[in-house]
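Here the structure is laid out as structure tokens; the discussion comes afterwards.
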Amino acid sequence: MSLSFQVVVCGSVVPDPLQTLEPVMTPAGPALKNELMLPVWFDPWAGHALYEAAHLAKQHPGSKVTLVSLGPKAKLQQVLMTIGQKVPFEFAALDGPAGGFTEPAETAGALAEAIAALPGLDRSRLLVFGGWESAARGAGVTLQTIAEKLGIEDVFLGVDELKVLPDGGLEIAERIEGGRHQVSRCAGPPAVLGWATGNLPEPKNNPQVGMMNMRAVMPALQKARPVKLPGEGLTFTAVNVPKQLRQTRIVKDAPVDEIAAEIVEWIRK
Amino acid sequence: METILVLAHTELDGSLAPTALEALGAAKTLQAALPDAKLMIGLAGERVGDAAKAVAASGAARVLGVSGPDFAVSRYATDAAAAEALTRSAGATLVLAAGTARMLRCLPGVAARLGGRADTHVTSLSVADGKVFVSRWYYRQRMEGTLTRAQRPWFIVVDPGSQPAWSGAPGPVAVEEVAVTLTDSARRTTVTGVRQVAADAQTIRPDAELLFVAGAGWTKKQADGQTHVPEAETLIRDFLRLTRASLGSSKSLVDLGGEGQAVLSFLSHLNQIGQTGATPRHPKGLSTCCHGEEPHTVGWRFIGERRAISLDPNCGWARGKADVLYVADAFAVLRKVNELLARG
Ligand SMILES: Cc1cc2nc3c(=O)[nH]c(=O)nc-3n(C[C@H](O)[C@H](O)[C@H](O)COP(=O)(O)OP(=O)(O)OC[C@H]3O[C@@H](n4cnc5c(N)ncnc54)[C@H](O)[C@@H]3O)c2cc1C
């Protein structure tokens with residue numbers, strides 16, 4: 001039986017993790033200081049979802065991958081220059097905020113609408129992918145909300161592995177407590193999968209793929225519909241960076257025996 | 001007036017996990033601070049009777065249950081249906097649950113279904129002027145925000161280990177069974193099993209006193225110009241066996257595996273700590289051969305006392321990220337530590 005999938009991957013930008021982030025309060029709620037100046041990355045777990053989607057599409061000819069992103073247009077364009085060189089995909093964009101203090105229910109509402117409006121959407125082949133949590137909100141709320149809006153009843157979170165079975169079923173391994181995986185079998189699409197790290201290394205940049213993607217990316221960015229996320233009913237009273245500096249005692253030039261004894265005493269305390 | 005519902009799933013043996021009692025502990029504190037608030041408990045699982053007895057002394061006005069073989073396993077469609085029915089039946093405005101993999105997967109969807117909102121990874125709750133506030137972390141544990149919401153039901157999923165557990169004597173209790181009608185589509189997914197390494201090879205131990213982190217330095221060329229990966233492997237294994245510590249890793253070390261380099265055979269991405277890894281809770285942490293860069297140390301947010309062994313006196317740990325940094329060869333130190341531990 002030849003199987004093909006329509007894989008929609010949801011993912012957007014997050015600040016470069018090496019940057020120092022400072023919260024500020026604005027009339028519209030909290031934000032990051034100089035948020036629009038910060039260098040950004042493609043959200044890492046969503047990145048794994050995208051690589052897994054491309055891998056799946058490659059194994060099942062006739063499959064299609066569409067990246068759907070809600071983020072500030074200019075920032076999306078920046079990250080697409082790099083992520084767009086990794087794997088082939090089609091692209092649909094929504095121009096709006098992608099920061100950590102946005103409301104995931106509203107983000108999900110906008111994304112679900114964009115997915116439902118994709119031309120030629122075929123639910124019987126539809127897999128919606130994304131990262132299981134963003135590196136911004138870290139909530140793990142968006143994908144289930146999308147599933148509810150699209151009426152999809154099979155949702156998996158913390159996915160590290162997806163296998164397509166000969167009968168068209170899906171075998172999925174999800175992270176559970178204690179460093180274990182739960183393995184489930186789903187009858188087939190439609191399904192929503194929130195990916196953890198998966199099993200694939202980051203693909204090498206391929207300028208040819210980049211050029212092909214850019215032909216679709218630029219017009220999609222130009223067409224990006226502006227989206228407002230008002231954060232209705234949500235009030236932040238404070239956002240603080242914790243006092244994180246400890247008084248580090250640096251032990252240098254001490255004999256190994258002394259260090260070892262001190263560590264053992266500390267472990268046993 | 002708020003109606004607080006504590007939602008929990010029962011374990012395969014019918015008991016309640018300690019994390020569920022932490023959610024109940026948080027709910028009791030909330031109830032005490034909210035005059036007139038009602039407390040209810042909603043249990044789902046194959047059987048709920050024993051779990052209900054265990055919370056008999058909690059003072060809950062009603063204990064509701066959804067039970068049956070369909071609810072034994074962790075599956076989105078049936079877990080969401082059970083949580084939806086329990087929330088509706090209780091008329092809950094605030095729903096508290098522990099952040100287990102099972103609850104984290106289904107509750108955000110249930111919130112969407114009921115027109116409510118969900119906050120996950122909540123680490124503290126408070127009440128001021130009759131309003132409930134929750135705190136949680138943003139940008140991978142870099143900053144903590146406190147917020148309140150107008151929407152109800154509001155699902156508050158608390159991080160395991162962040163709340164004091166409720167305890168009380170078991171007793172008889174009447175469970176109100178809530179009926180859930182499932183369509184066939186809710187059974188499109190079947191759970192076929194749990195994949196885990198053999199118990200003695202399991203290096204992730206959430207309940208351990210100590211987190212032991214291995215960094216990429218263990219696989220790098222040492223003073224003699226050679227790598228010593230097999231010895232590193234033995235030293236780390238022995239240390240874990242002697243201390244029952246949980247094993248964490250830096251990203252660089254787990255990524256080496258994907259690049260085909262010699263690495264520690266018992267490590268996987270599940271061990272990774274940090275920005276794109278885990279943020280475990282342990283009273284103590286010992287980092288070895290790891291540079292302590294910010295994307296790694298954000299995963300140490302909930303580690304109490306922190307010590308590190310690195311050859312580099314200017315590594316991240318030296319800059320206020322550890323309580324003690326030993327500038328030393330981790331091979332030599334761990335060899336000696338293991339010897340002392342083995343002596344007892
Ligand atoms: C988007 C993004 C996400 C990331 N997410 C994560 C994440 O989740 N987790 C994570 O860990 N990193 C993450 N990183 C990577 C992070 O920035 C660092 O590159 C990584 O943590 C470095 O790992 P390391 O300290 O083990 O290795 P290295 O930087 O190679 O450091 C090795 C250390 O070992 C020491 N050493 C060597 N030999 C010995 C010896 N014999 N005794 C004692 N010390 C010795 C060296 O002095 C050095 O300090 C991320 C980066 C990015 C860009």
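In the text below, chain A, chain B and the rest are named by the order of the sequence lines, each starting its count at 1. Note that the structure is predicted; figures quoted are calculated from it, not measured.
In this structure, B/Arg117 and A/Leu234 have side chains that are not in contact, with every pair of non-hydrogen atoms separated by 4.5 Å or more. You'll find the side chain of A/Arg185 stays beyond 4.5 Å of the side chain of B/Thr189, heavy atoms only. Counting heavy atoms from C-beta outward, A/Leu245 and B/Arg319 have side chains that stay 4.5 Å or more apart. At a threshold of 4.5 Å between non-hydrogen side-chain atoms, the residues B/Leu341 and A/Arg268 count as touching. Between A/Glu177 and B/Pro160, the closest side-chain pair of non-hydrogen atoms is not below 4.5 Å. For the pair A/Ile267/B/Phe239, a side-chain contact is recorded, criterion being any heavy-atom separation below 4.5 Å from C-beta on. For the pair B/Val327 and A/Ile250, the minimum side-chain heavy-atom distance is below 4.5 Å. Put simply, the side chain of B/Arg140 does not reach to within 4.5 Å of the side chain of A/Arg137, judged on heavy atoms.
Contacts of A/Leu143 with chain B are absent, with no heavy-atom separation under 4.5 Å from either backbone or side chain. Both the backbone and the side chain of A/Pro23 come within contact range of chain B, with heavy atoms under 4.5 Å apart. For A/Glu106, the part lying under 4.5 angstrom from a heavy atom of chain B is the side chain only. Residue contact with chain B, scored on non-hydrogen atoms closer than 4.5 Å, involves the backbone of A/Gln247 exclusively. At a 4.5 Å heavy-atom cutoff, the contact between A/Glu262 and chain B is made by backbone and side-chain atoms alike.
Minimum heavy-atom separation, B/Thr120 to A/Ala139: OG1-O, 2.7 Å. Pairing each heavy atom of B/Arg195 with each of A/Ala173, the nearest pair is NH1-CB, 4.1 Å. Contact record, A/Gly100 with B/Tyr139: N-OH, 2.7 Å, taken as the closest heavy-atom pair. Among all heavy-atom pairs drawn from A/Lys252 and B/Pro313, the shortest one is CE-CB, 3.6 Å. Listed here is the closest heavy atom pair of B/Ala328 and A/Ile259: CB-CD1, 3.7 Å. Contact between B/Gln275 and A/Ala135 at its shortest, heavy atoms only, is NE2-CB, 3.6 Å.
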Verdict with supporting geometry, A/Thr197 and B/Thr276, side-chain contact (heavy atoms from CB on, under 4.5 Å): CA-CA 8 Å; A/Thr197 311; B/Thr276 45; 6.0 Å; no
CA sep, side-chain torsions, deciding dist, call: B/Glu305, A/Lys269, side-chain contact (heavy atoms from CB on, under 4.5 Å): CA-CA 11 Å; B/Glu305 297 172 32; A/Lys269 210 168 50 185; 3.8 Å; yes
B/Leu270 vs A/His181, side-chain contact (heavy atoms from CB on, under 4.5 Å): CA-CA, chis, key distance, verdict: CA-CA 10 Å; B/Leu270 297 176; A/His181 284 106; 3.5 Å; yes
CA sep, side-chain torsions, deciding dist, call: B/Leu286, A/Ile263, side-chain contact (heavy atoms from CB on, under 4.5 Å): CA-CA 9 Å; B/Leu286 177 64; A/Ile263 290 175; 4.2 Å; yes
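At distances below 3.5 Å, not a single donor-acceptor pair connects side-chain atoms of B/Arg188 with backbone N or O atoms of A/Asp154. Within the 3.5 Å criterion, the main-chain N or O of A/Gly178 finds a donor-acceptor partner in the side chain of B/Gln202. No donor-acceptor pair under 3.5 Å is formed between the side chain of A/Thr248 and the backbone N or O of B/Asp323. Between the side chain of A/Lys149 and the backbone N or O of B/Ala112, no donor-acceptor pair lies under 3.5 Å. Looking only at distances, no side-chain donor or acceptor of A/Arg246 sits under 3.5 Å from a matching main-chain atom of B/Trp317. Looking only at distances, a side-chain donor or acceptor of B/Gln151 sits under 3.5 Å from a matching main-chain atom of A/Glu232. A donor-acceptor pair is defined here as one N or O able to donate and one able to accept, closer than 3.5 Å; such a pair exists between the side chain of B/Lys284 and the backbone of A/Trp266.
At a cut-off of 3.5 Å, with distance as the only test, no side-chain donor of A/Gln144 or B/Tyr76 sits close to an acceptor on the other residue.
Ring geometry for A/Phe101 against B/Tyr138 counts as tilted: the plane angle lies between 30° and 60°, on a 0 to 90° scale.
Comparing A/Glu148, A/Arg180, A/Glu202 by how many heavy-atom pairs each has under 4.5 Å with chain B, the most go to A/Glu148. Heavy-atom pairs under 4.5 Å with chain B peak, among A/Pro44, A/Gly140, A/Gly179, at A/Gly179.
At a threshold of 4.0 Å, the pair B/Lys336-A/Glu258 does not count as salt-bridged, since none of the basic side-chain nitrogens sits closer than that to a carboxylate oxygen.
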